A.B. asks: 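What follows is a single structure, and I will ask about it in a moment.
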Amino acid sequence: MTHAPAAAAASLNDRQPVKGQFRWRGRQGCLAGVRRIGWLVAEEYPEGLDVVVTGDLGRPDLDFFGVLAKVAPVSVTFGARPDAATAVGAAEAMADEETVRVLSDSSWIRDEFAASEDWTEFRRRVVRYLTCGDSWTAAWLSDSALETGIPLPAAAADLMAMAYRAQHRTGMAETCLRIALADTGPFAIQAGYSLSLLYARHFPPSLRSLARAEEILDEAWRKSQSAEVTADGVLERVMNRNALALVLVRTGRQDEAARTLRKAIEELAADREANRVPLSILCNNLGRVLASMPDSAEAAAKMLREAVELDPQYPEFWFDLGEFSANRGEPEEALSALRRGTDLCTDAAPLYALTGYVLLGLGQVDDAYENYAKAVALDPLDQDTFVTCIRTACLAERYAEAEIWLDRLAVSGANEEVAPEAELLRIETDSFLHGQPAAQTTARVRALGERYPDSQLVQENVAAVREASAR
């Protein structure tokens, strides 16, 4: 398996300077939405609901059902697991501290906000949820505020748009951003940045337009040039250029994107301490752009290291540095960066999968397997990593564990890309674990060759079996 660097089109990401909005949704961010599901279940099934889970489960699934059972009268039976267990919840268990706070904010909007029209207080309350990655609650409270009929100001519109975009409600996000874009103040500049990203990456594919994204950014840039120069205004202009760099990369203009990001970094560099977070984002993005360009490896390494120095609390930055180092043939530096990432975030499967890849390259097969197993436990839907985990278990001669993984994969069903290798690994596991006769192994491989005539891996194994039989 080769671990290719990220495609040029994925070289940038639109990260607001909010700690919870990670490239990978962490446990807290994912579970925030379970509250909504629990309330819907409790409303629909007041006397309770029995759920039998028959598919494969990862650790996030277990977390999901654990929280669901706390919020709604639900009995969950994990029928597909050898260690079948049941989680039972009751509606009265809803009174956890976070839920009480959400209900309090909802009551404030219903009982006080409608009379006070205090959008400043609304913003203060909603920002708290976005800061911790709970965009669902932020969007839910925004829905409640919009039901009051109170005209929406630019300052709140921009905030609502962030919540709606994170919830993939791009139509609502666009409506809010156009309200903010009509403003003459700094919110218009920020709205231009956010609206451009809707067109660049968040709208459904048929509605995306890089050309429109670039037009919106240029319009917001012209507004910023005539606005009063303040610290916030400088930051908004810089993030406008960050978004422009994304568009430039996606249209194949890497050189121009790199120049744009360098200029943005220079504009903030005078006050490094005050601008550590936006500078770290810009440096990381510049490093990723440079990594995709020829003869720019040293400059890319410098920028990626600068990003983690400026803000070492983003696990994505450590992943990017680890991936770059791995692709550059620097496994020890890669492992060091990836371990920093997993120290910060234990819920990101890509961190463990890449760690497994690096360890496997170093010949540390058992440790590689352990990391792949963690990745699959977090994200069993990533079947490429799933099969890599099984292959690595076989390399480590841990065939009993490989068989368990194969059984789990069989429950959910292997897709057509990984199915041929999964079946080869099943044959290998049966041969070593159950003493399958050589003749039966040969027959099964040949039969597999007939089923998958276009699979190079299968045909290579068929040829090897044929050669062995001819001796």
Side-chain angles (χ1 to χ4, degrees), residues 6-18 21-23 130 154 157-166 168 170 173-174 176-183 185-203 205 207-225 227 232-268 275 277-290 292 303 307 311 314 316-317 320:
S11 289
L12 297 176
N13 64 82
D14 60 313
R15 191 177 306 113
Q16 302 287 350
V18 175
Q21 303 291 354
F22 290 142
R23 188 181 311 157
L130 287 175
D158 176 68
L159 186 73
M160 285 185 180
M162 189 186 301
Y164 288 132
R165 197 275 302 159
H168 308 292
T170 53
E174 180 182 17
C176 292
L177 287 172
R178 292 200 179 279
I179 291 172
L181 199 61
D183 188 63
F187 293 108
I189 304 169
Q190 170 64 26
Y193 165 75
S194 300
L195 185 59
S196 71
L197 292 174
L198 287 181
Y199 278 96
R201 68 189 316 174
H202 296 302
F203 276 143
L207 298 179
R208 293 176 194 169
S209 169
L210 293 174
R212 182 67 184 121
E214 192 166 354
E215 289 174 5
I216 293 168
L217 287 168
D218 287 343
E219 178 185 348
W221 180 256
R222 287 192 294 273
K223 285 186 178 182
S224 74
Q225 296 300 91
D232 286 342
V234 170
L235 180 58
E236 298 300 348
R237 286 201 293 269
V238 164
M239 298 315 289
N240 176 288
R241 299 296 86 182
N242 184 58
L244 177 62
L246 167 67
V247 174
L248 294 171
V249 166
R250 292 200 168 188
T251 52
R253 293 176 280 173
Q254 275 85 351
D255 286 339
E256 191 176 346
R259 287 195 298 272
T260 298
L261 288 168
R262 283 194 176 99
K263 288 180 181 177
I265 290 170
E266 289 171 4
E267 193 160 355
L268 294 183
N275 296 312
V277 170
L279 271 173
S280 68
I281 295 170
L282 292 168
C283 288
N284 180 258
N285 287 341
L286 177 56
R288 297 173 73 191
V289 172
L290 292 170
S292 69
M303 286 296 100
D311 190 350
Y314 274 123
E316 305 97 308
F317 292 174
D320 292 335

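These numbers were taken from a predicted model, which means no experiment stands behind them.
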A.B. asks: Are R253 and E214 within salt-bridge range, i.e. N to O under 4.0 Å?
C.D. replies: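 Yes.
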
A.B. asks: For the pair D218 and E215, evaluate side chain to side chain contact (heavy atoms under 4.5 Å, CB included) and give the outcome as yes or no after the intermediate values.
C.D. replies: CA-CA 5 Å; D218 287 343; E215 289 174 5; 5.8 Å; no

A.B. asks: Of L217, T251, L197, T260, which is the lone residue that meets side chain to side chain contact (heavy atoms under 4.5 Å, CB included) with L246?
C.D. replies: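 So, applying the side chain to side chain contact (heavy atoms under 4.5 Å, CB included) to L246 and each of L217, T251, L197, T260, only L197 qualifies.
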
A.B. asks: Are E266 and K263 ion-paired here, with the side-chain N under 4.0 Å from a carboxylate O?
C.D. replies: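 Salt bridge absent between E266 and K263.
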
A.B. asks: Begin with the C-alpha distance, continue with both residues' side-chain angles, and end with the deciding distance and a verdict on side chain to side chain contact (heavy atoms under 4.5 Å, CB included) for E267 and R241.
C.D. replies: CA-CA 11 Å; E267 193 160 355; R241 299 296 86 182; 6.0 Å; no

A.B. asks: Can you tell me how the ring of F203 sits relative to the ring of Y199, calling it parallel under 30°, perpendicular over 60° and tilted otherwise?
C.D. replies: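 Judged by the thresholds at 30° and 60°, the geometry between F203 and Y199 is perpendicular.
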
A.B. asks: State, yes or no, whether a side-chain contact exists between N275 and L279 at a heavy-atom distance under 4.5 Å.
C.D. replies: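 In short, these two side chains touch, coming nearer than 4.5 Å.
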
A.B. asks: How long is the span from the CD1 atom in I189 to the CE atom in M239, to the nearest 0.5 Å?
C.D. replies: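 Answer for the CD1-CE pair, I189 versus M239, is 13.5 Å.
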
A.B. asks: So, the side chain of S280 versus the backbone of V277: is there a donor-acceptor pair under 3.5 Å, distance only?
C.D. replies: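 It does hold such a pair.
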
A.B. asks: Please lay out, stage by stage, how S292 and Q254 fare under the test side chain to side chain contact (heavy atoms under 4.5 Å, CB included).
C.D. replies: CA-CA 8 Å; S292 69; Q254 275 85 351; 3.8 Å; yes

A.B. asks: Please confirm whether the backbone N or O of A200 pairs with a side-chain atom of R250, one donor and one acceptor, at under 3.5 Å?
C.D. replies: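 Yes: the side chain of R250 pairs with the backbone of A200.
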
A.B. asks: Measuring only between side-chain heavy atoms, which start at C-beta, is P278 closer than 4.5 Å to L268?
C.D. replies: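 Of all side-chain heavy-atom pairs linking L268 with P278, at least one is under 4.5 Å.
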
A.B. asks: Show your reasoning for whether side chain to side chain contact (heavy atoms under 4.5 Å, CB included) applies to R262 and L290.
C.D. replies: CA-CA 11 Å; R262 283 194 176 99; L290 292 170; 3.7 Å; yes

